[in-house]
Amino acid sequence: MPTTTGATPTHCPYCALQCGMNLSPTPDGSVGVSERVDFPVNRGALCGKGATAPALLAPAGRLTGPLARDDAGALVPATWEEALDRVAARLARTRADHGPDAVGVFGGGGLTNEKAYALGKFARVALGSSQIDYNGRFCMSSAAAAGVRAFGLDRGLPFPLEDVSGTGCVVLVGANPAETMPPALRYFDGLRENGGTLIVVDPRRTRTARRADLHLAPRPGTDLALALGMLHLVVAEGRVDEEYVRRRTSGWEEARAAAMAHWPEYVERVTGVPAPRLREAVRLFCAPPAAMVLTARGPEQQAKGTDTVSAWINLCLATGRAGRPLSGYGCLTGQGNGQGGREHGQKADQLPGYRSLTDPGDRRHVAAVWGVDPRSLPGPGRSAYELLDALGTDVRSLLVMGSNPVVSAPRAAHVEERLRSVDFLAVCDVVLSETAALADVVLPVTQWAEETGTTTSLEGRVLLRRRAVAPPPGVRGDLEVLHGLAARLGGGRGLEEKFPTDPEEVFEELRRASAGGPADYSGISYRRLAEEGGVFWPCPADVDGEGRARPAEGERAAGEGGATGGEWARGVAATTGGPPGKGGPRATHPGTPRLFLERFATDDGRARFAPVSHRPIAEEPDDTYPVLLTTGRVVSQYQSGAQTRRIDALNAAAPGPFVEVHPRLAERLGAAEGDSLTVVSRRGRVVAPARVTPGIRPDTVFMPFHWPGEGRVNTVTNPALDPTSGMPEFKVCAVRVEVTERREATGRNG
């Protein structure tokens, strides 16, 4: 494999920590990974996935040439010209026959900012379609919606991870970083070493929960009631920071009234968490001068996920734990570029810079950058699951880039059937994923170490990932794919000129499109990223000597009640702890590591309480489906497993799915360790071996979601959607569990 000489500093391709690493050629022609201690997030530490990431760079096991389906239905090799011609012709035919919204685009949270930006632009300019969304909708969309509702802005963490070690208490809700992002554990360990306390809320006693000072194990789907019960106790015990609430928030009276209906004994009945433990959690959270609440997919992947996150934000606001040093609410983003992927145009309702598709000023600004009439831009489209559900009916052709919904989507058997029903499916991927295997055309594209581009970590830190190796012959970049398709769709009108192939050129355009918006990258450049190791957004380009941005004329920022670009930038500039430069009229903005220290990104600068109340899960257990199923990840696999399942070392550590059951439930079922279990919901059934453990609630079973086939847990998950965020209810549904085959009967020994 051709490589550059010497070590290339870059970042891991997997989770949103975006750990720093160095890549170097080895004597055998492969690529080696070494520590990169200068990057502050991981300081050289890597999990097993990061350490083995270069294994997929070798040509074996990945796509190295386009594939097209022949008349007999088989995928066979094709040239790039043949493949691109076919994709463009079929998308154009669908558009001509059924209208632009009959063509859909489905993106991924692993795409770089440049590719996410170009893909959103391609859907709206080259195709004229509103039907674009991405798998990041399944990641933290509920947290994003709740953050915008409360703070006027969504950024996963409004502070650097390093602040976690310095606070007094962290409530970690539905997160298992010991499995999902192991290098982040240093911050939680540092918290406890510095005298702070860790509270973990999870129905399972995970590796993370075993490190906690207090573990609360609520019934899946009841996190909203738990948060409201804690807020009730904050009020009842006189722990509200009245001065902070009066000065920096609005809507408290309504939120307080809603919380007071959730008294501890009621919450105990709903959640299964004893009232004394609830009181202990409130005491630990309120005792130190600073504290945080961090959520992940547990509370967010619910049909009430936005309200659930809002309830945890309410707890922070009532106790004065937001917009203050070492305090606040944050979300642990999952996918590598889940943050940047939604900021720059992949989401159905957003334009680059976190601008809104429904705001006239935002449309004018982005249209001017793109050189199109604002009236030509489509409005908002369907959210991710709704888009997948519409395949074969309203949406007749689909382009997929960097996603594997056959494994990752809820009600996956139905989604697979919808993908099979479309008139035409094209997939851009590194490997022949389960989704790519259904495609009419498969386009092999470059991956992380074979291309340069930026990502945005869970901290809101924009990072530069550098090309370290040359891709195999026959592989092209996603930007090249979009350029080639635009050339064909443009009919000789030069449409391809709007889709450059150089990532830095794309980023320069992204900077202009984001200028003045909530996610303002206009002050960030490749040179700065290379020199500084990352820059926190918002980072406006044009600031005066006192740190105030010069607003773009006539611009308004996106989001609910968005302030003007200048008002927004003035607010965030104050959070940096001082002016970005002295004296000069055009200083360089340093970026914004810590948001909201003086004001929130709302019209009046106040955070907004949300009056939310507990409601049942979308699918309660009954006599036919008496058990609750919840899902999650394991440390040695990632997302749909399309890449990690091709790495021998990771498969050896996590070879397949399993069903985690409590000993009492196993006894009722007559099941033992290793027995084959069938988990059945109203949508289908899956089969996997039993893993018996006391570390889960007796009314709950757990399955990881990384595998296809009979162990594909998303076959049975519930696509019930959060009405605000469009998030499906992955984290809880009603099932029954049956013993399929005894381990002894298979001839295996235990």
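What you are looking at is a predicted structure, and each value in this text was computed from that prediction instead of being measured.
- Of the possible polar contacts, one joining the Thr630 side chain to the Lys731 backbone as a donor-acceptor pair under 3.5 Å is found.
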Problem - side chain to side chain contact (heavy atoms under 4.5 Å, CB included) between Val430 and Leu63, worked out - result: CA-CA 6 Å; Val430 174; Leu63 296 166; over 6 Å; no

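- Proximity of a side-chain donor or acceptor of His215 to a complementary backbone N or O of Ile199 within less than 3.5 Å is not detected.
- Counting only heavy atoms from C-beta outward, the side chains of Phe596 and Leu153 approach each other to under 4.5 Å.
- Here the OH-SG distance, from Tyr638 to Cys47, works out to 10.5 Å after rounding to the nearest 0.5 Å.
- Between Glu451 and Lys115 there is a salt bridge, since a side-chain N of the basic residue sits under 4.0 Å from a carboxylate O of the acidic one.
- Closest of all the heavy-atom pairs between Tyr187 and Pro40 is OH-O, 3.0 Å.
- Thr693 is not listed as a side-chain neighbour of Arg205, based on a closest heavy-atom distance of 4.5 Å or more.
- Using cut-offs of 30° and 60° on the angle between ring planes, the pair Phe507 and Tyr526 is tilted.
- Between Arg594 and Glu162, at least one side-chain N (NZ, or NE/NH1/NH2) sits under 4.0 Å from a carboxylate O, which counts as a salt bridge.
- Side-chain atoms of Gln18 and Asn42 form no donor-acceptor pair, as typed in the model, at a separation below 3.5 Å.
- Annotation for Arg62: atom CZ counts as buried by contact number, over 12 foreign heavy atoms lying within 6.0 Å.
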Exercise for the section: Quick one: do Phe39 and Leu17 satisfy side chain to side chain contact (heavy atoms under 4.5 Å, CB included)? Show the steps, please. Expected result: CA-CA 11 Å; Phe39 187 61; Leu17 284 182; over 6 Å; no

Exercise for the section: Could you give me the CA-CA distance, side-chain angles and deciding distance for Arg467 and Thr446, then say whether side chain to side chain contact (heavy atoms under 4.5 Å, CB included) is met? Expected result: CA-CA 10 Å; Arg467 173 176 162 140; Thr446 52; over 6 Å; no

Practice task
Could you please spell out the steps behind the side chain to side chain donor-acceptor pair (under 3.5 Å) verdict for Trp537 and Glu343?
Solution key: CA-CA 11 Å; Trp537 72 262; Glu343 293 167 4; 2.9 Å; yes

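- Side chains of Thr644 and Gln637: a donor-acceptor N/O pair is present below 3.5 angstrom, by distance only.
- Residues satisfying the side-chain hydrogen bond (donor to acceptor under 3.5 Å, both in side chains) test with Glu193, not counting sequence neighbours, are none.
- The shortest heavy-atom contact between Ala515 and Ser522 is CB-CB, 3.7 Å.
- Annotation for Leu23 and Pro54: closest pair CD2-CG, 4.1 Å, computed over non-hydrogen atoms.
- Residues forming a salt bridge (charged side-chain N to carboxylate O under 4.0 Å, His left out) with Arg528 (at least two apart in sequence, or on another chain): Glu532.
- Of the inter-residue distances, the one linking Glu35 atom CD with Asn22 atom CG reads 9.5 Å to the nearest 0.5 angstrom.
- Within the structure, the ring pair (Phe, Tyr, Trp, His ring centres under 6.0 Å) test picks out no pair touching residues 451-474 (sequence neighbours left out).
- Once rounded to the nearest 0.5 Å, the distance linking OG1 of Thr295 with CG of Leu172 reads 9.0 Å.
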Handout entry: side chain to side chain donor-acceptor pair (under 3.5 Å) between Glu504 and Thr452, intermediate numbers included
Key = CA-CA 8 Å; Glu504 187 168 8; Thr452 294; over 6 Å; no

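- Using a 4.0 Å cut-off between charged nitrogen and carboxylate oxygen, Arg512 and Glu508 do not count as a salt-bridge pair.
- Between Pro593 and Gly591, the shortest heavy-atom contact is CD-O, 3.5 Å.
- With sequence neighbours left out, the ring-ring contact (aromatic ring centres under 6.0 Å, His included) criterion links Phe702 to no other residue.
- The closest donor-acceptor contact from the side chain of Arg645 to the backbone of Ser640 lies under 3.5 Å.
- Glu480 CD to Cys428 SG: the interatomic distance, rounded to the nearest 0.5 Å, is 11.5 Å.
- Counting only residues at least two apart or in different chains, ring pair (Phe, Tyr, Trp, His ring centres under 6.0 Å) contacts with residues 158-178 are absent.
- Between the side chain of Glu509 and the main chain of Tyr117, no donor-acceptor pair closer than 3.5 Å is present.
- Judged by distance alone, with hydrogens and angles left aside, the side-chain atoms of Asn135 form a donor-acceptor pair with the main-chain N or O of Gly109 at under 3.5 Å.
- Here the side chains of Cys19 and Pro183 are in contact, with some heavy-atom distance below 4.5 Å.
- Within the structure, salt bridge (Lys or Arg N to Asp or Glu O under 4.0 Å) contacts touching residues 176-191 (residues at least two apart or in different chains) are Glu179-Arg207, Asp189-Arg211.
- Side-chain N/O atoms of Gln339 and Arg342 include a donor and acceptor closer than 3.5 Å.
- To the nearest 0.5 Å, atom CG of residue Asp429 and atom OG of residue Ser403 are 8.5 Å apart.
- Counting heavy atoms from C-beta on, the side chains of Phe705 and Phe730 never come closer than 4.5 Å.
- One N or O on the side chain of Gln301 and one on the backbone of Phe138 form a donor-acceptor pair closer than 3.5 Å.
- Using modelled atom types, one side-chain atom of Arg633 and one backbone atom of Thr180 make a donor-acceptor pair closer than 3.5 Å.
- Side-chain contact, Asn337 with Asn113: a donor N or O sits under 3.5 Å from an acceptor N or O.
- The two residues Cys286 and Thr319 have their closest heavy-atom pair at SG-CG2, 3.9 Å.
- Atom NZ of Lys347 and atom OH of Tyr134 lie 6.5 Å apart (nearest 0.5 Å).
- Judged by distance alone, with hydrogens and angles left aside, the side-chain atoms of Thr167 form a donor-acceptor pair with the main-chain N or O of Ala290 at under 3.5 Å.
- Both tests hold for Arg321 against Phe285: distance to the six-membered ring centre under 6.0 Å, angle to the ring axis within 45°.
- Of the possible polar contacts, none joining the Glu300 side chain to the Ser141 backbone as a donor-acceptor pair under 3.5 Å is found.
- For Leu161 against Glu459, the heavy-atom pair with the smallest separation is N-OE2, 2.7 Å.
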Exercise for the section: Dump the intermediate steps for side chain to side chain contact (heavy atoms under 4.5 Å, CB included) on Leu482 and Asp478, then the final yes or no. Expected result: CA-CA 6 Å; Leu482 296 178; Asp478 295 276; 5.6 Å; no

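- In summary, the aromatic rings of His344 and Tyr354 are positioned with their centroids too far apart to meet the 6.0 Å limit.
- Contact check for Leu119 versus Leu111: side-chain heavy atoms found under the 4.5 Å cut-off.
- For the pair Met21/Leu46, a side-chain contact is recorded, criterion being any heavy-atom separation below 4.5 Å from C-beta on.
- Here the side chain of Asn404 pairs no donor or acceptor atom with the backbone of Ala642 at under 3.5 angstrom.
- Side-chain contact between Arg36 and His11 is present, with heavy atoms from C-beta onward closer than 4.5 Å.
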Exercise for the section: Give the C-alpha distance, both sets of side-chain angles, the deciding distance and a yes or no for side chain to side chain donor-acceptor pair (under 3.5 Å) between Ser165 and Asn194. Expected result: CA-CA 7 Å; Ser165 297; Asn194 292 334; 5.1 Å; no

